[in-house]
Amino acid sequence: MTQRFTVAAISFDLDGTLLDTVPDLAAAAQDMAAELGMPPRSDDEVRVFVGRGIPNLVERCLGGRAQNAALLQQAIAVFKRCYRARNGERAAPYPGAHDTLSALRAAGFRLACVTNKAADFTLPLLEQMDMRHHFASVVSGDTLPQKKPDPAPLLHAARELGVQPSALLHVGDSYNDIDCARNAGVPVLGVPWGYSEGRVLDAKDCDGLLSSLPDLLERVALPTDI
Ligand SMILES: O=C(O)COP(=O)(O)O
Ligand SMILES: [Mg+2]
């Protein structure tokens with residue numbers, strides 16, 4: 001029998017866990033490159049750059065050019081404008097995302113979204129994907145001074161959900177999620193379909209891997225269920 005996590009709340013990473021957002025991020029990066037007269041990055045390159053927030057994504061797109069601090073700042077501003085226009089255009093939920101969130105909430109779990117994506121992009125995207133209403137807490141990349149892998153975003157979500165860190169389970173696609181959860185004392189399941197900055201998640205580094213989002217329904221139990 002699979003081990004069930006006895007938790008009151010579950011937090012989800014966004015990019016690469018609930019939503020495939022690379023098509024929009026890559027389109028924005030390509031728009032930015034065209035505007036700044038730089039060679040474009042492919043979708044596959046951008047996929048590896050996602051995970052540590054937008055300033056870091058832009059820095060990686062620029063490569064050596066990012067050493068020019070003024071150009072980097074300009075590029076970040078251009079990227080944000082381009083991404084605002086692209087955000088949600090081609091982003092898509094992974095299979096079972098909607099049904100899994102609905103089922104977990106109906107069962108009584110409190111849900112959070114904890115992402116390194118800035119709030120200006122997170123909130124409209126969650127609205128557009130019809131997911132915002134599932135989350136009692138949304139912690140974006142700029143909600144706090146610290147981002148994942150710092151423990152602060154997950155500790156903040158636990159406080160907002162009114163649960164101890166050990167009663168929260170985090171689900172994410174990258175080592176930023178695993179390290180954040182480990183640093184916060186939160187159990188963590190990895191998902192193998194995301195981006196993870198080009199690294200393959202090892203089940204040994206977390207508390208297990210999901211084979212799909214609906215698989216999560218078999219892996220959790222409320223404290224009152226046992
Ligand atoms: O914006 C990013 O770089 C990644 O966002 P995520 O934390 O939802 O994966
Ligand atoms: Mg992610």
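These figures come from a predicted structure and were not determined experimentally. Indexing begins at 1, ligand by ligand and atom by atom, following the structure's order. Reckoned from all heavy atoms, side chains included, excluding hydrogens, waters and symmetry mates.
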Ligand 1 contact on Lys148 by region, counting heavy-atom pairs under 4.0 Å: side chain
Proximal heteroatom of Asp173 relative to the Mg ion (ligand 2) (N/O/S): OD1
Hey, is [X] one of the residues with a heavy atom under 4.0 angstrom from ligand 1?
X     : answer
Asp13 : yes
Gly53 : yes
Gly16 : no

cation_pi(Arg219, Phe5) dist<6.0 Å, angle<=45: no
Side-chain donor-acceptor contact under 3.5 Å, Asp173 with Ser196: no
Donor-acceptor side-chain pairing of His170 and Asp177 below 3.5 angstrom: yes
Atom indices of ligand 1, in the order listed, that fall short of 4.0 Å to a heavy atom of Lys117: 1 (O), 5 (O)
Atoms of ligand 1, numbered as shown, that sit under 4.0 Å from any heavy atom of Arg52: 3 (O)
I'd like to know if [X] and [Y] make a salt bridge, using a cut-off of under 4.0 Å between side-chain N and carboxylate O.
X      : Y      : value
Lys148 : Asp179 : no
Glu197 : Arg47  : no
Glu45  : Arg60  : no
Asp207 : Arg182 : yes

Nearest neighbour in protein (non-hydrogen) for atom 8 (O) of ligand 1: Thr115 OG1, 2.6 Å
Protein contact of atom 5 (O) of ligand 1 - nearest heavy atom, named by residue and atom, plus distance: Asp15 OD1, 3.2 Å
Angle subtended at the Mg ion (ligand 2) by O of Asp15 and OD2 of Asp13, nearest 10°: 80°
Sub-3.5 Å N/O-N/O distance, Gly51 and ligand 1: yes
Test of proximity, Leu14 against ligand 1: N or O pairs below 3.5 Å: yes
Side chains of Ser11 and Leu154 in contact at under 4.5 Å (non-hydrogen atoms): yes
